[in-house]
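Protein chains get the first letters and strands the later ones, always in sequence-line order, with residue 1 at the start of each.
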Number of protein chains: 2
Amino acid sequence: MTDDRTMTIREMCDAFDVTPRTLRFYEAKELLFPIREGQKRLFTKRDRARLKLILRGKRFGFSLEEIRQLLDLYHMGDQQQTQLARTYEIAQQRLSDMEAQRDELTQAIDELKEQMRWGEKMLASMDQTKKAAE
Amino acid sequence: MTDDRTMTIREMCDAFDVTPRTLRFYEAKELLFPIREGQKRLFTKRDRARLKLILRGKRFGFSLEEIRQLLDLYHMGDQQQTQLARTYEIAQQRLSDMEAQRDELTQAIDELKEQMRWGEKMLASMDQTKKAAE
DNA sequence: CGTATGAGTTACGTCAACGTAAATTCCCAT
DNA sequence: ATGGGAATTTACGTTGACGTAACTCATACG
């Protein structure tokens, strides 16, 4: 039993730096499943784990729908055996996409660095010009 | 002189697999500057180079506005000395963002791979179960 | 008991990056 | 001359991921 206490929407917002609107939106899209104590939402440890993954997924440019797929894979404790193979394929595809993207990104970084060495030289020569003008 | 012949919008679309709408949109957003022969647009080698960079930028999840900034850096032959330093900063920021993203991506790939080994085991055990059932 | 505070619902607004449809306009071959 | 194919302009439509009112409901507090 680590820390299974539930959190209010405000605590979640503060903890993850998101708005209430966002959390309700994610619930509507079935990315989160806070329990309903009467009127209020209570976010469990599971919701926190999922939100963490959602936010990371977003930083990689995944759509919420894609993230939902991955979350289903992550949190598939059992059953859905039929779906599993299919989801597994999706994950494989996603994985190779990600690797390709990483490689392109690496290349782009190198190119951009190269381009910036350019800028350095220009700035340096500008500096010279400026000094000469004084 | 390599290949400086201009291209029509259709040739561009075929060459880069984009729609005319996209090219006109990019022109409106000042990402491309085809010359206007009367009514028609004629795309130069410069436009082709820029479009190539635009499409690559998009694959990295940059917005068109961000791409426009980077293109300005790329194609800044001279002048705009004042702006250069600022744009240089933007590029630096962008670069560190990209590196951070690459690192996160690398980590996520590893985690996803790990998760998938999970799936493999599940599939394997399911296979056993299936065989046993025959 | 009144009210201020926080959560909730409903529903319209927004921004990016185009898609799509309608109405010209231009060029050319029959 | 004319009909057919491109290309153009204008402008409204679309999708994703929320933002932003407007209004209601519940409750803790002085």
Tell me, do Thr8(A) and Lys40(A) make a side-chain contact under 4.5 Å, heavy atoms counted? no
Atom CG of Leu23(B) and atom P of dA17(C) are separated, to the nearest Å, by 15 Å
Can you see if the side chain of Arg41(B) gets near the phosphate of dT8(D) - specifically, an N or O under 4.0 Å from OP1 or OP2? yes
Any side-chain N or O of Lys58(B) under 4.0 Å from OP1/OP2 of dC18(C)? yes
Rounded to whole Å, CD1 of Ile54(A) lies from P of dG16(D) at a distance of 17 Å
Atom CG of Leu31(B) to atom C1' of dA16(C): distance rounded to whole Å? 13 Å
Give the rounded distance in Å between these two atoms: CD1 of Ile9(B) and P of dC27(C). 17 Å
Assuming nearest nucleotide by heavy-atom distance, tell me which of Arg36(A) and Gln39(B) is located more 5' along DNA chain C. Arg36(A)
Is any NZ, NE, NH1 or NH2 atom of the basic residue among Glu65(B) and Arg68(B) found under 4.0 Å from an Asp or Glu carboxylate oxygen of the other? yes
What is the distance, to the nearest angstrom, from the CG atom on Leu32(A) to the C1' atom on dC18(D)? 14 Å
By nearest heavy atom, map Arg21(B) and Tyr26(A) onto DNA chain D; which one lands nearer the 5' end? Arg21(B)
Roughly how far, to the nearest 0.5 Å, is CZ of Arg50(B) from CD1 of Ile67(B)? 11.0 Å
Arg68(A) CZ to dG16(D) C1', in whole Å, measures 15 Å
Measure from the side chain of Phe25(A), starting at C-beta and using heavy atoms only, and say which of dC18(C), dA17(D), dA17(C) lies closest. dA17(D)
Spacing of Ile9(B) atom CD1 and Asp14(B) atom CG [to the nearest 0.5 Å]: 11.0 Å
Would you kindly compare Thr19(B) and Lys29(B) by the position of their nearest DNA chain C nucleotide and give the one closer to the 5′ end? Lys29(B)
Taking atom CG of Leu64(A) and atom CD1 of Ile54(A), what is their separation to the nearest 0.5 Å? 7.5 Å
In whole angstrom, what separates Asp14(A)'s CG from dG6(C)'s P? 11 Å
Hey, does the side-chain of Arg24(B) have a donor or acceptor N/O within less than 3.5 Å of a partner on the base of dT8(D)? no
Could a donor-acceptor pair under 3.5 angstrom be found where the side chain of Arg10(A) meets the base of dG6(C)? no
Could you check how far CD of Glu11(B) sits from C1' of dA6(D), rounded to whole Å? 13 Å
